[in-house]
Amino acid sequence: MSGPGYLFLGDEEKALVTRALDTWQLNRYRFDETAEPSMVFTLEREFEQRTGAAHCLAVNSCTSALLTALAALGVGPGDEVIVPGYTFIASIAAIVHRGAVPVLAEIDESLTLDPEDVARRITPATKAILAVHMLGAPAALDELRRIADDHGLFLIEDAAQATGGRYRGRALGTIGDAGAFSLNLFKIITSGDGGLLTIADDTAYERAFAFHDHGFKPMRHGIADADSLFGLNLRMHELSGAVALGQLRKIDLILETLRKQKTALSEAIGELPGVEHRRLNDPDGECHSFFVLRFETVEVARAVAAKLGTTTLIDSGRHYYGNMPQLISRRMPTASEHPFGCQAHPTEVRYEPHMLPRTDDILGRSITLSVGVVDGYLGAGFGITPLSSPDEIAAVATAVKSAVNEVVARA
């Protein structure tokens with residue numbers, strides 16, 4: 001089980017790690033001004049150049065990137081953040097650990113936030129919209145940006161599964177006020193663990209840097225002063241930076257390989273009775289890491305999934321709100337913590353299974369085939385990889401067609 005980046009690890013990453021080890025430079029900072037820039041610093045600058053982001057900050061996980069983004073933008077107790085019911089728990093946990101209240105919204109046929117439902121859920125307490133580019137494809141960013149601007153809200157992009165993706169010509173993570181990316185084992189590019197944060201505003205970037213490194217100014221140029229805030233240590237390690245830098249430099253190869261593999265699988269499967277494909281908000285901007293099939297009923301979807309040895313998206317576990325017991329029970333480390341137990345900022349928001357009927361329906365009728373990400377938690381335990389041969393792709397397509405035709409004929 002892994003993402004596409006893992007399969008492309010090779011001599012390039014090894015050479016960069018070796019360079020770091022040869023000098024025993026394990027920390028991102030170079031206190032010797034004559035030394036060459038750190039791997040982490042170089043990664044940040046090259047990511048900025050690639051995406052056009054004003055600022056990039058490397059951190060130790062995408063969860064840390066989300067937490068840092070929320071802190072930098074001033075999201076905290078008394079605020080609400082709208083987030084889709086189909087996402088990884090980290091998107092919601094970052095909101096909760098900033099003391100803000102996650103407000104769940106429906107997805108649409110793109111498997112990302114439904115802008116119309118987002119608009120319905122805005123209250124005077126709403127501070128931000130967290131759009132998640134699920135399964136490597138962009139959310140409806142034009143519509144969400146318009147809603148955010150109309151209501152004076154921040155728009156944050158969770159691009160954990162969509163590094164390198166684009167939306168109508170612009171890099172994901174640069175359309176919102178901030179963007180968060182994951183570098184863990186299951187992602188487009190990987191350093192084992194790690195994350196990247198893109199952020200547009202200069203002041204917000206300074207706040208983000210301070211939050212991720214104990215209140216310091218960017219690159220630790222200047223000691224803490226009267227404007228400093230309490231921060232944490234969320235820094236990226238230099239060896240992680242070296243691996244991520246090697247991966248970033250081959251991301252075009254990875255994305256092009258995924259595109260070719262998905263095209264080959266799609267052509268081999270062809271049209272199937274009673275099957276629709278995922279709606280893409282920008283077909284040219286997706287990462288091509290998954291292939292989604294949607295059926296007319298939950299029963300048909302589950303029967304096809306069973307024949308393929310996989311599951312529907314609603315049954316896949318870790319990314320469906322109904323399978324998040326800590327959310328349903330609003331379970332914090334102590335009973336009096338923000339956002340659910342604090343008397344100063346009471347909230348009536350509750351979470352329960354089946355509270356998002358449209359999300360439940362879409363996920364219940366959908367299965368996903370792996371193209372680059374092999375991950376049972378995402379329901380992508382069956383499919384192909386970036387290294388699958390034409391014969392292997394043909395075999396997977398034959399299995400899919402056989403399963404669908406047999407189940408549909410019986411239905």
Side-chain angles (χ1 to χ4, degrees), residues 1-20 28 38-53 56-66 88 90 132-138 157-167 170-174 179-198 235-262 285-290 370-375 377-378 380 384-387:
M1 297 173 66
S2 70
Y6 178 81
L7 298 176
F8 284 81
L9 289 168
D11 292 340
E12 299 86 352
E13 293 86 351
K14 189 178 295 185
L16 292 170
V17 170
T18 299
R19 189 192 305 174
R28 69 156 293 157
S38 73
M39 299 291 177
V40 175
F41 179 89
T42 304
L43 169 67
E44 291 169 340
R45 306 294 79 77
E46 291 194 13
F47 199 75
E48 288 169 353
Q49 183 177 19
R50 176 182 176 84
T51 61
C56 174
L57 183 64
V59 290
N60 57 16
S61 71
C62 186
T63 308
S64 293
L66 290 167
F88 186 53
V132 184
H133 305 311
M134 279 299 295
L135 303 183
E157 298 177 60
D158 182 340
Q161 300 176 5
T163 305
R166 304 186 73 81
Y167 180 77
R170 298 178 61 185
L172 297 184
T174 66
F181 303 82
S182 175
L183 299 171
N184 81 15
L185 191 62
F186 297 97
K187 300 306 189 289
I188 302 297
I189 59 174
T190 185
S191 56
D193 276 309
L196 297 168
L197 169 64
T198 51
R235 299 190 306 267
M236 177 180 282
H237 190 277
E238 184 72 341
L239 299 185
S240 295
V243 176
L245 181 59
Q247 289 266 286
L248 179 62
R249 290 173 175 175
K250 59 180 70 169
I251 192 172
D252 289 330
L253 171 63
I254 295 171
L255 292 171
E256 178 60 18
T257 302
L258 290 172
R259 186 190 66 79
K260 289 180 178 178
Q261 292 291 82
K262 183 178 179 182
E286 69 151 332
C287 294
H288 307 282
S289 46
F290 298 90
S370 63
V371 176
V373 178
V374 181
D375 183 358
Y377 287 160
L378 281 167
I384 64 173
T385 76
L387 306 182

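Numbering starts at 1 and runs along the sequence shown.
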Next item on the list: Start with the C-alpha gap between V243 and L9, add the side-chain angles, then the distance that decides, and say whether side-chain contact (heavy atoms from CB on, under 4.5 Å) holds.
Entry: CA-CA 8 Å; V243 176; L9 289 168; 3.9 Å; yes
May I ask you to test the [X]-[Y] pair for a side-chain heavy-atom distance under 4.5 Å?
X: M236; Y: N60; value: no
X: D252; Y: R50; value: yes
X: Q247; Y: K187; value: no
X: I254; Y: I188; value: yes
X: S370; Y: I384; value: no
X: F290; Y: V371; value: no
X: L258; Y: P386; value: yes
X: V59; Y: R235; value: no

[X] side-chain N/O to [Y] backbone N/O, donor-acceptor pair under 3.5 Å:
X: E48; Y: C56; value: yes
X: R45; Y: Q49; value: no
X: E157; Y: G173; value: yes

Rounded to the nearest 0.5 Å, how far apart are [atom1] of [X] and [atom2] of [Y]?
X: R28; Y: L239; atom1: CZ; atom2: CG; answer: 14.0 Å
X: N184; Y: I189; atom1: CG; atom2: CD1; answer: 11.5 Å
X: L387; Y: T257; atom1: CG; atom2: OG1; answer: 8.5 Å
X: L245; Y: K250; atom1: CG; atom2: NZ; answer: 11.0 Å
X: K14; Y: R19; atom1: NZ; atom2: CZ; answer: 15.5 Å
X: L197; Y: E44; atom1: CG; atom2: CD; answer: 9.5 Å

Next item on the list: Report the C-alpha distance between M134 and D158 in whole Å, list the side-chain angles of each, state the deciding distance to 0.1 Å, and finish with yes or no for side-chain contact (heavy atoms from CB on, under 4.5 Å).
Entry: CA-CA 9 Å; M134 279 299 295; D158 182 340; over 6 Å; no
Closest contact, heavy atoms only, [X] versus [Y]:
X: T190; Y: G5; result: CG2-C, 3.9 Å
X: I251; Y: G164; result: CD1-CA, 3.9 Å
X: G241; Y: V40; result: CA-CG2, 4.1 Å

Margin query: Can you list everything that forms a side-chain contact (heavy atoms from CB on, under 4.5 Å) with A180? Sequence neighbours excluded, please.
Written below: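 Per chain and number, A180 pairs via side-chain contact (heavy atoms from CB on, under 4.5 Å) with C62, A65, L66.
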Next item on the list: Go through the structure and list residues passing side-chain contact (heavy atoms from CB on, under 4.5 Å) with A244, not counting sequence neighbours.
Entry: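 For A244 the side-chain contact (heavy atoms from CB on, under 4.5 Å) partners, ignoring immediate neighbours, are L43, L183, S191.
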Notebook entry, point to check: Under 6.0 Å from the CZ atom of F186, do we count more than 12 heavy atoms belonging to anything else shown?
Noted result: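 Result for CZ/F186: enclosed.
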Note to self: Go through it in stages, so that I can follow the logic: the residues are L135 and Q161, the test is side-chain contact (heavy atoms from CB on, under 4.5 Å), and I'd like the CA-CA distance, side-chain angles, deciding distance and then a yes or no.
What the structure shows: CA-CA 6 Å; L135 303 183; Q161 300 176 5; 3.8 Å; yes
Next item on the list: With sequence neighbours left out, write down each residue that passes side-chain hydrogen bond (donor to acceptor under 3.5 Å, both in side chains) with S240, or none if nothing qualifies.
Entry: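 Testing S240 for side-chain hydrogen bond (donor to acceptor under 3.5 Å, both in side chains), a comparison that skips the adjacent residues, returns none.
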Next item on the list: Give the intermediate values and the outcome of salt bridge (charged side-chain N to carboxylate O under 4.0 Å, His left out) for residues R166 and E286.
Entry: CA-CA 7 Å; R166 304 186 73 81; E286 69 151 332; over 6 Å; no
Note to self: As a quick check of understanding, evaluate side-chain contact (heavy atoms from CB on, under 4.5 Å) for L16 and M39, giving each step before the final call.
What the structure shows: CA-CA 8 Å; L16 292 170; M39 299 291 177; 4.0 Å; yes
Next item on the list: Would you confirm whether the ring centroid of F181 sits within less than 6.0 angstrom of the ring centroid of F47?
Entry: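 Yes.
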